[in-house]
Amino acid sequence: MSKLLVTGGAGFIGANFVRHWRAHHADDTLVVLDALTYAGNRANLDGVADVDFVHGDIRDHDLVVSLLAGRGIDTLVHFAAESHVDRSIHGPDAFIDTNVIGTHSLLKAAKKVWLDSGTGQPHRFHHVSTDEVYGSLGPHDPAFTEMTPYQPNSPYSASKAASDHLVRAYTHTYGLQTTTSNCSNNYGPHQFPEKLIPLFLINALHGRALPIYGDGMQVRDWLYVDDHCRGIELTIEKGRVGETYNIGGGAELPNMTVIDTICQSVDAAFSRDPQLAARFPDAPAARGAATASLKTYVTDRPGHDRRYAIDETKARAELGYQAAHGFETRFAETLQWYLDNEPWWRAVISGEYRNWVDTNYGTR
Ligand code: NAD
Ligand code: DAU
């Protein structure tokens with residue numbers, strides 16, 4: 001039986017991970033530490049049995065030490081971060097504070113409890129990172145491997161790269177037992193609607209513009225969140241200490257293909273279910289018009305990375321990882337989740353988030 005501390009467990013991937021872990025490890029202890037920033041939502045954990053939620057900051061060293069020692073934690077899974085590239089361009093400081101200082105604070109606490117106390121307690125510090133640390137690929141470049149040099153281009157990816165280096169250093173220098181996974185773009189239930197897929201879905205339902213950065217031909221490798229959670233689980237269970245593993249979705253697609261899928265799927269959903277027109281009267285699909293009419297080209301994201309692609313040979317060989325789910329099927333399920341969970345997204349798009357979008361982009 002393991003005792004897990006999950007940082008950022010009220011965010012998108014963290015909450016999906018907690019659900020996944022509880023479903024597959026009924027007897028394990030699960031403690032979630034989350035500061036509930038704009039992206040954190042206690043409701044993301046509703047209905048998950050036996051989760052001990054602690055509202056706190058990963059930078060609170062004493063709190064983390066008391067959790068690790070007091071609850072006998074043997075596995076720390078670190079999701080907590082500022083995660084949105086656009087926000088990092090508008091305000092990088094929070095990214096340094098949480099992603100760099102925060103990760104370092106966690107590493108210090110883990111070292112103190114697991115190494116300096118001299119108990120020799122078996123432990124694992126798993127760090128969740130991103131493929132963005134590798135920079136941007138040209139159209140014919142080979143996909144990112146674990147040996148690809150780091151070339152982060154945004155304040156977000158630079159802060160994640162710094163955190164990856166700190167994790168590596170704590171293994172190399174002090175012997176902390178770490179693993180790191182670098183994954184591609186996740187999508188699925190509970191994703192905060194600032195990221196492409198949920199933002200465009202919700203804008204489509206409101207008849208708001210779908211803001212396409214630049215020419216819309218940037219390429220991302222789309223990873224269904226539960227596949228990612230399984231990849232992390234396999235890394236914790238089978239990954240070698242000190243190693244990094246790339247986790248991808250096997251669905252390298254230009255943004256425009258994803259956007260067209262969103263538009264066509266929303267149109268089809270309205271055709272199938274006449275009640276949607278009453279629920280979302282401002283959607284073009286409610287009056288039989290094409291959702292694609294909302295597509296709007298806007299100024300490109302500064303420093304926008306052109307292409308990411310994951311070579312997951314190592315994860316496949318060492319962990320037995322393979323993305324199980326095709327994009328079309330899992331996207332359809334994701335759309336249905338957002339249609340079925342309107343109260344969830346209505347709550348999260350109010351307040352601070354709405355203010356930020358309005359301030360930085362004007363009302364969409
Ligand atoms: P998210 O923004 O949805 O959630 C982040 C969570 O961290 C929130 O619950 C927030 O409250 C919490 N948090 C932020 N600062 C904190 C602090 N100082 N102390 C405690 N909690 C804090 O992020 P996500 O999309 O779920 O991403 C999770 C992790 O996965 C991040 O480390 C991110 O860099 C990485 N990642 C995400 C993706 C993706 O596509 N979303 C892809 C690759 C890697
Ligand atoms: O690759 C992994 C990364 O994926 C994670 O590390 C990040 O935490 C996560 O946010 C995500 O970063 P991206 O910048 O790729 O995701 P985002 O959803 O913001 O954008 C996806 C693509 O869509 C990107 O090329 C920018 C474009 N885009 C995005 C938004 C929000 C638009 O064209 N319009 C938009 O309004």
Side-chain angles (χ1 to χ4, degrees), residues 6-17 32-42 44-45 54-60 63-64 77-89 94-95 97-99 101-103 105-106 127-134 136 144 152 154 156-157 159-160 163-164 181-188 190-200 203 209-223 225 228 232 247-249 253-256 258-259 295-301 304-310 348 357 361 364:
V6 181
T7 72
F12 163 49
I13 307 173
N16 277 282
F17 176 81
V32 166
L33 172 64
D34 198 297
L36 296 179
T37 67
Y38 79 95
N41 186 346
R42 186 67 184 80
N44 287 351
L45 295 168
V54 178
H55 184 194
D57 197 303
I58 56 169
R59 291 166 296 179
D60 186 341
L63 171 64
V64 176
V77 193
H78 177 34
F79 293 92
E82 290 293 333
S83 69
H84 192 38
V85 174
D86 292 331
R87 282 179 184 257
S88 84
I89 294 166
F95 288 72
D97 288 346
T98 291
N99 301 358
I101 309 288
T103 301
S105 187
L106 282 181
H127 175 55
V128 179
S129 192
T130 171
D131 59 359
E132 300 200 12
V133 297
Y134 299 122
S136 184
F144 301 132
S154 71
Y156 163 69
S157 54
S159 70
K160 292 298 289 187
S163 67
D164 294 8
S181 49
N182 295 82
C183 75
S184 55
N185 287 61
N186 285 224
Y187 66 101
H190 298 285
Q191 187 168 30
F192 194 87
E194 62 187 351
K195 310 282 164 54
L196 179 76
I197 287 180
L199 175 73
F200 276 38
N203 278 10
L210 308 180
I212 301 166
Y213 297 166
D215 64 1
M217 294 310 288
Q218 303 83 6
V219 173
R220 299 291 184 267
D221 175 358
W222 293 93
L223 170 62
V225 66
H228 182 200
I232 295 171
I247 298 176
L253 298 170
N255 289 346
M256 200 57 82
V258 173
I259 292 163
K295 282 163 59 172
T296 306
Y297 289 92
V298 300
T299 308
D300 206 354
R301 172 187 280 175
H304 198 170
D305 286 338
R306 193 68 182 166
R307 175 178 166 238
Y308 306 138
I310 291 267
V348 301
V357 172
Y361 293 110
R364 285 176 172 167

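Remember, it's 1-based here, ligands and their atoms both numbered in the order they're listed.
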Asks: Would you mind running through ligand 1 and noting each atom that sits below 4.0 Å from a heavy atom of N185?
Replies: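 So the answer, numbered in order with elements, is 40 (O).
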
Asks: With backbone taken as N, CA, C and O and side chain as the heavy atoms from C-beta onward, which portion of N255 lies under 4.0 Å from ligand 2: side chain, backbone, both, or neither?
Replies: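 It is the side chain that touches ligand 2; the backbone stays farther off.
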
Asks: Would one find an N or O of D57, backbone or side chain, under 3.5 Å from an N or O of ligand 1?
Replies: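 Right, the criterion is met.
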
Asks: Should you measure from each heavy atom of K160, which atoms of ligand 1 turn up under 4.0 Å away?
Replies: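 Per the distance check, 31 (C), 32 (O), 33 (C), 34 (O).
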
Asks: Dump the intermediate steps for side-chain contact (heavy atoms from CB on, under 4.5 Å) on Y156 and T130, then the final yes or no.
Replies: CA-CA 10 Å; Y156 163 69; T130 171; 3.8 Å; yes

Asks: Is the shortest N/O to N/O distance between I58 and ligand 1 below 3.5 Å?
Replies: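 N/O-N/O distance below 3.5 Å exists for this pair.
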
Asks: With S83, which residues qualify under side-chain hydrogen bond (donor to acceptor under 3.5 Å, both in side chains), at least two apart?
Replies: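 If we apply the side-chain hydrogen bond (donor to acceptor under 3.5 Å, both in side chains) test to S83, skipping adjacent residues, the hits are K195.
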
Asks: Between Y308 and E132, is there a side-chain donor-acceptor contact under 3.5 Å, judged purely by atom types and distance?
Replies: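 Side-chain D/A pair, E132 to Y308: present.
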
Asks: Would you say the side-chain atoms of N203 pair up with the backbone N or O of L210, donor to acceptor, closer than 3.5 Å?
Replies: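 Not at all, since once roles are kept as given, no pair shorter than 3.5 Å links the two residues.
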
Asks: Taking ring-ring contact (aromatic ring centres under 6.0 Å, His included) as the definition, give me every residue that meets it alongside H228, ordered by chain and number, with sequence neighbours left out.
Replies: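 Partners of H228 under the ring-ring contact (aromatic ring centres under 6.0 Å, His included) test: none.
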
Asks: Pick whichever of I13, T130, D60, I101 has a heavy atom sitting closest to atom 37 (C) of ligand 1.
Replies: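 Comparing heavy atoms across I13, T130, D60, I101, the nearest one to atom 37 (C) of ligand 1 lies in I13.
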
Asks: Which of the numbered atoms in ligand 2 are under 4.0 angstrom from any heavy atom belonging to S83?
Replies: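 Taking each heavy atom of S83 in turn, ligand 2 has 7 (C), 8 (O), 9 (C), 10 (O) under 4.0 Å.
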
Asks: Should the proximity of Q218 to ligand 2, defined as any heavy atom under 4.0 Å, be assigned to the side chain, the backbone, both, or neither?
Replies: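 The part of Q218 near ligand 2 is the side chain, not the backbone.
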
Asks: Any N/O of D305 closer than 3.5 Å to an N/O of ligand 2?
Replies: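 No, since none of the N or O atoms of D305 sits under 3.5 Å from an N or O of ligand 2.
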
Asks: Give the atoms of ligand 2, by number and element, whose distance to some non-hydrogen atom of E194 is under 4.0 Å.
Replies: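 Once the distances to E194 are compared, the set is 31 (C).
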
Asks: Under a 4.0 angstrom heavy-atom cut-off, which atoms of ligand 1 come close to F79?
Replies: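 Checking each atom against F79, I get 28 (C), 29 (C), 31 (C), 32 (O).
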
Asks: Would you confirm whether S129, through its side chain, and S181, through its main-chain N or O, come within 3.5 Å as a donor-acceptor pair?
Replies: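 Here the side-chain-to-backbone pair does not exist.
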
Asks: Ignoring hydrogens and angles, tell me if any N or O in the side chain of T98 forms a donor-acceptor pair with the backbone of E82 under 3.5 Å.
Replies: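 Pair absent, no side-chain N/O of T98 close to backbone of E82.
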
Asks: For L33 and ligand 1, does the shortest N/O to N/O distance drop below 3.5 Å?
Replies: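 No; every N/O pair is 3.5 Å or more apart.
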
Asks: Report yes or no: does D34 contribute a side-chain atom to a donor-acceptor pair with the main-chain N or O of A10 at less than 3.5 Å?
Replies: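 Here the side-chain-to-backbone pair exists.
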
Asks: Does even one non-hydrogen atom of G9 get within less than 4.0 Å of ligand 1?
Replies: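 Heavy atoms of G9 never come under 4.0 Å of ligand 1.
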
Asks: Output yes when the distance from some N or O of ligand 1 to some N or O of T37 is under 3.5 Å, and no in every other case.
Replies: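 Between T37 and ligand 1 (N or O atoms, distance only) the closest approach is under 3.5 Å.
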
Asks: Using a 4.0 Å cutoff against the non-hydrogen atoms of S83, which atoms of ligand 1 qualify?
Replies: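 Ligand 1 atoms under the 4.0 Å threshold to S83: 1 (P), 2 (O), 23 (O), 25 (O).
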
Asks: Using a 4.0 Å cutoff against the non-hydrogen atoms of H84, which atoms of ligand 2 qualify?
Replies: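 Heavy-atom distances to H84 below 4.0 Å select 19 (O).
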
Asks: Is D86 close to ligand 2, meaning an N/O of one under 3.5 Å from an N/O of the other?
Replies: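 Min N/O separation from ligand 2 is not below 3.5 Å for D86.
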
Asks: Is N186 close to ligand 1, meaning an N/O of one under 3.5 Å from an N/O of the other?
Replies: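 Min N/O separation from ligand 1 is below 3.5 Å for N186.
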
Asks: Which atoms of ligand 2 are found less than 4.0 Å from any heavy atom of Y308?
Replies: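 Contacts of ligand 2 toward Y308, numbered from 1: 1 (O).
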
Asks: Ligand 2 versus S184, non-hydrogen atoms closer than 4.0 Å: side chain, backbone, both, neither?
Replies: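 It is the backbone that touches ligand 2; the side chain stays farther off.
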
Asks: Looking at ligand 1, is there an atom of it that comes within less than 4.0 Å of some heavy atom belonging to A15?
Replies: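 No, A15 has no heavy atom closer than 4.0 Å to ligand 1.
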
Asks: Tell me whether the guanidinium CZ or amine NZ of R220 lies under 6.0 angstrom from the six-membered ring centre of Y187 and within 45° of its axis.
Replies: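 So R220 doesn't make the cation-pi contact.
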
Asks: Identify, by atom number and element, the atoms of ligand 2 in contact range of D131, meaning under 4.0 Å from any of its heavy atoms.
Replies: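 Those atoms are 1 (O), 2 (C).
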
Asks: So which protein heavy atom does atom 15 (N) of ligand 1 come closest to, and at what separation?
Replies: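 For atom 15 (N) of ligand 1, the nearest protein heavy atom comes out as T98 CG2, 3.5 Å.
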
Asks: So which atom in H127 and which in S163 form the shortest heavy-atom distance, rounded to 0.1 Å?
Replies: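 So the two residues come closest at NE2-OG, 3.1 Å.
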
Asks: Heavy-atom pairs closer than 4.0 Å: do any link ligand 2 to the side chain of L199, the backbone, both, or neither?
Replies: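 Contact part for L199 vs ligand 2: side chain (C-beta onward).
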
Asks: Going by the order shown, which atoms of ligand 2 are within less than 4.0 Å of some heavy atom of K195?
Replies: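 Numbered from 1, ligand 2 contributes 10 (O), 18 (O).
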
Asks: Applying side-chain contact (heavy atoms from CB on, under 4.5 Å) to I212 and F200, what does each step give before you reach the verdict?
Replies: CA-CA 10 Å; I212 301 166; F200 276 38; 4.3 Å; yes

Asks: Please confirm whether H304 comes under 4.0 Å of ligand 2, counting heavy atoms of the residue only.
Replies: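 Per 4.0 Å heavy-atom rule, H304 contacts ligand 2.
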
Asks: Does any N or O atom in F200 lie less than 3.5 angstrom from one in ligand 2, N or O only?
Replies: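 No, there is no polar N/O contact under 3.5 Å.
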
Asks: Out of all atoms in ligand 1, which are within 4.0 Å of some heavy atom of G56? Include the element for each.
Replies: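 The atoms of ligand 1 under 4.0 Å from a heavy atom of G56 are 19 (N), 20 (C).
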
Asks: Between D34 and ligand 1, does any nitrogen or oxygen pair lie at a separation below 3.5 Å?
Replies: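 For ligand 1, there is an N or O atom that lies under 3.5 Å from one belonging to D34.
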
Asks: Just which atoms of ligand 2 are under 4.0 Å from any heavy atom in T130?
Replies: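 By the 4.0 Å cutoff, the relevant atoms are 1 (O), 2 (C), 3 (C), 5 (C), 6 (O).
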
Asks: Taking 4.0 angstrom as the limit and counting only heavy atoms of P211, give me the atoms of ligand 2 inside it, by number and element.
Replies: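 Answer, ordered by atom number: 32 (C), 33 (O), 34 (N), 35 (C), 36 (O).
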
Asks: Do side-chain atoms of D131 reach the backbone of N182 as a donor and acceptor pair under 3.5 angstrom?
Replies: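 A pair under 3.5 Å: no.
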
Asks: Using heavy-atom distances only, which candidate in A81, G8, S163 approaches atom 5 (C) of ligand 1 most closely?
Replies: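 Selected option, by shortest heavy-atom distance: A81.
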
Asks: If you measure from each heavy atom of T7 to ligand 1, is any distance below 4.0 Å?
Replies: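 T7: no contact with ligand 1 (<4.0 Å).
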
Asks: Which option, Y213, F192, Y134, owns the non-hydrogen atom nearest atom 29 (C) of ligand 2?
Replies: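 Result: the heavy atom closest to atom 29 (C) of ligand 2 is in Y213.
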
Asks: Show the atoms of ligand 1 that are less than 4.0 angstrom away from any heavy atom in L36.
Replies: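 Those qualifying, in numeric order: 11 (O).
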
Asks: With heavy-atom distances below 4.0 Å as the criterion, list the atoms of ligand 1 near C183.
Replies: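 Counting from 1, the qualifying ligand atoms are 42 (C), 43 (C), 44 (C).
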
Asks: Out of L63, V64, V128, whose heavy atom is nearest to atom 35 (C) of ligand 1?
Replies: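 Answer by nearest heavy atom: V128.
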
Asks: When you compare ligand 1 with Y156, is there at least one nitrogen or oxygen pair between them that comes in under 3.5 angstrom?
Replies: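 Right, the criterion is met.
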
Asks: Tell me, with the steps shown, if W222 and L196 meet side-chain contact (heavy atoms from CB on, under 4.5 Å).
Replies: CA-CA 11 Å; W222 293 93; L196 179 76; 3.9 Å; yes

Asks: Out of S184, G188, S105, G40, indicate the one that has the non-hydrogen atom closest to atom 42 (C) of ligand 1.
Replies: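 Residue with the shortest heavy-atom distance to the ligand atom: S184.
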
Asks: Applying a 4.0 Å heavy-atom criterion (strictly less than), which segment of V85 is in contact with ligand 2: side chain, backbone, both, or neither?
Replies: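 Just the side chain.
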
Asks: Short question: side chain of T103, backbone of N99 - any donor-acceptor pair under 3.5 Å?
Replies: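 Between the backbone of N99 and the side chain of T103 there is a qualifying donor-acceptor contact (under 3.5 Å).
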
Asks: In ligand 1, which numbered atoms sit nearer than 4.0 Å to a non-hydrogen atom of S129?
Replies: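 Under 4.0 Å from S129, ligand 1 has these atoms: 43 (C), 44 (C).
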
Asks: Could you please spell out the steps behind the side-chain contact (heavy atoms from CB on, under 4.5 Å) verdict for L63 and D57?
Replies: CA-CA 8 Å; L63 171 64; D57 197 303; over 6 Å; no

Asks: Any N or O of E132 that comes nearer than 3.5 Å to an N or O of ligand 2?
Replies: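 Yes: some nitrogen or oxygen of E132 is under 3.5 Å from one in ligand 2.
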
Asks: Show, in sequence, the C-alpha distance, side-chain angles and deciding distance for R306 and D300, and conclude whether the salt bridge (Lys or Arg N to Asp or Glu O under 4.0 Å) test is met.
Replies: CA-CA 11 Å; R306 193 68 182 166; D300 206 354; 5.5 Å; no

